Amino acid sequence: QVQLVESGGGLVQAGGSLRLSCAASGRTFSSYAMGWFRQAPGKEREFVAVISRSGNTTYYADSVKGRFTISRDNAKNTVYLQMKSLKPEDTAVYYCAAGQPGSYYYIGGEYYYWGQGTQVTVSS
């Protein structure tokens, strides 16, 4: 069992930056790929980024590529999402997730564990 707790969300102006953190419990953190997803009001949950177990491989949604960076620290059981050049359309609840999705990293159903989410609001 893995428990995930996100933090770092908040209100920021367009063009600003935020760094989200996701702290995991348990000793198996490094066994899982870690993903970030988001859900805006009235919209479906969407993939944002994923990082492999070792941290050597990352993938991003086209909408955030070049602006967001995912990283992890396996010694601290934590995954991060550095967000820069934020836009109002980035406003959403951001969730981290742990799993072994393989090539289907962009599908939320492929992840085993989810955090409770953290709100990110970008004002124009």
Side-chain angles (χ1 to χ4, degrees):
Q1 187 78 8
V2 175
Q3 292 185 327
L4 304 174
V5 179
E6 302 97 334
S7 61
L11 173 64
V12 63
Q13 288 188 334
S17 300
L18 280 176
R19 188 177 81 155
L20 305 183
S21 300
C22 173
S25 65
R27 295 177 290 179
T28 59
F29 177 74
S30 60
S31 299
Y32 299 106
M34 297 298 297
W36 285 97
F37 288 76
R38 67 186 182 185
Q39 187 167 20
K43 295 188 177 181
E44 293 187 353
R45 182 178 61 193
E46 65 174 357
F47 166 76
V48 175
V50 65
I51 188 166
S52 63
R53 291 174 294 176
S54 66
N56 289 339
T57 302
T58 58
Y59 294 103
Y60 297 91
D62 288 343
S63 59
V64 306
K65 201 172 295 182
R67 299 188 298 121
F68 291 10
T69 302
I70 189 171
S71 61
R72 68 188 296 162
D73 185 337
N74 286 343
K76 294 182 177 180
N77 282 10
T78 303
V79 63
Y80 305 97
L81 186 68
Q82 178 68 53
M83 306 185 294
K84 299 180 179 180
S85 302
L86 283 161
K87 305 174 181 180
E89 51 263 43
D90 294 318
T91 295
V93 177
Y94 283 71
Y95 300 90
C96 68
Q100 297 171 334
S103 299
Y104 300 103
Y105 55 83
Y106 51 92
I107 299 176
E110 296 294 318
Y111 292 79
Y112 306 140
Y113 305 106
W114 291 81
Q116 83 290 347
T118 186
Q119 176 71 48
V120 172
T121 303
V122 184
S123 63
S124 58

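What you see below is based on every heavy atom in this structure, not just the backbone, and it leaves out hydrogens, waters and symmetry mates. Just so it is clear, the model here is predicted, and its values are computed rather than measured.
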Holding to ring pair (Phe, Tyr, Trp, His ring centres under 6.0 Å), I want the full list of residues that pass it with [X], two or more places apart in sequence or in another chain.
| X | answer |
| --- | --- |
| Tyr111 | Phe37 |
| Tyr80 | none |
| Tyr59 | Tyr105 |

Sub-3.5 Å donor-acceptor pair from the side chain of Arg67 to the main-chain atoms of Ser85, do we have one?
yes
More than 12 non-hydrogen atoms from neighbouring residues, nucleotides or ligands closer than 6.0 Å to CZ on Arg45, yes or no?
yes
If you draw a 6.0 Å radius around CD in Gln116, do more than 12 non-hydrogen atoms from other residues or ligands fall strictly inside?
yes
Look up atom [atom1] in [X] and atom [atom2] in [Y], then write down how far apart they are to the nearest 0.5 Å.
| X | Y | atom1 | atom2 | answer |
| --- | --- | --- | --- | --- |
| Asp73 | Ser30 | CG | OG | 11.5 Å |
| Asn74 | Ser54 | CG | OG | 8.0 Å |
| Lys65 | Thr58 | NZ | OG1 | 9.5 Å |
| Arg19 | Ser71 | CZ | OG | 7.0 Å |
| Phe29 | Cys22 | CZ | SG | 7.0 Å |
| Gln39 | Gln119 | CD | CD | 11.0 Å |

In terms of hydrophobic clusters joined by side-chain contacts under 4.5 Å, are [X] and [Y] together?
| X | Y | answer |
| --- | --- | --- |
| Val79 | Val48 | yes |
| Trp114 | Ile51 | no |
| Phe47 | Trp36 | no |
| Phe68 | Tyr95 | no |

Taking the side chain as C-beta and beyond, is there a heavy-atom pair between [X] and [Y] under 4.5 Å?
| X | Y | result |
| --- | --- | --- |
| Met83 | Leu20 | yes |
| Met34 | Leu4 | yes |
| Ser21 | Lys76 | no |
| Leu86 | Gln13 | no |
| Val50 | Glu110 | no |
| Tyr32 | Gln100 | yes |

Nearest non-hydrogen partners of [X] and [Y], listed with the distance:
| X | Y | value |
| --- | --- | --- |
| Val120 | Leu18 | CG1-CD1, 3.9 Å |
| Arg38 | Glu46 | NE-OE2, 2.5 Å |
| Tyr94 | Glu6 | O-OE2, 4.0 Å |
| Tyr60 | Ile70 | OH-N, 2.9 Å |
| Pro88 | Ser124 | CG-CB, 3.8 Å |
| Ser17 | Gln82 | CB-NE2, 4.1 Å |

Should the pair Asp90-Lys87 be classified as a salt bridge under the 4.0 Å nitrogen-to-oxygen rule?
no
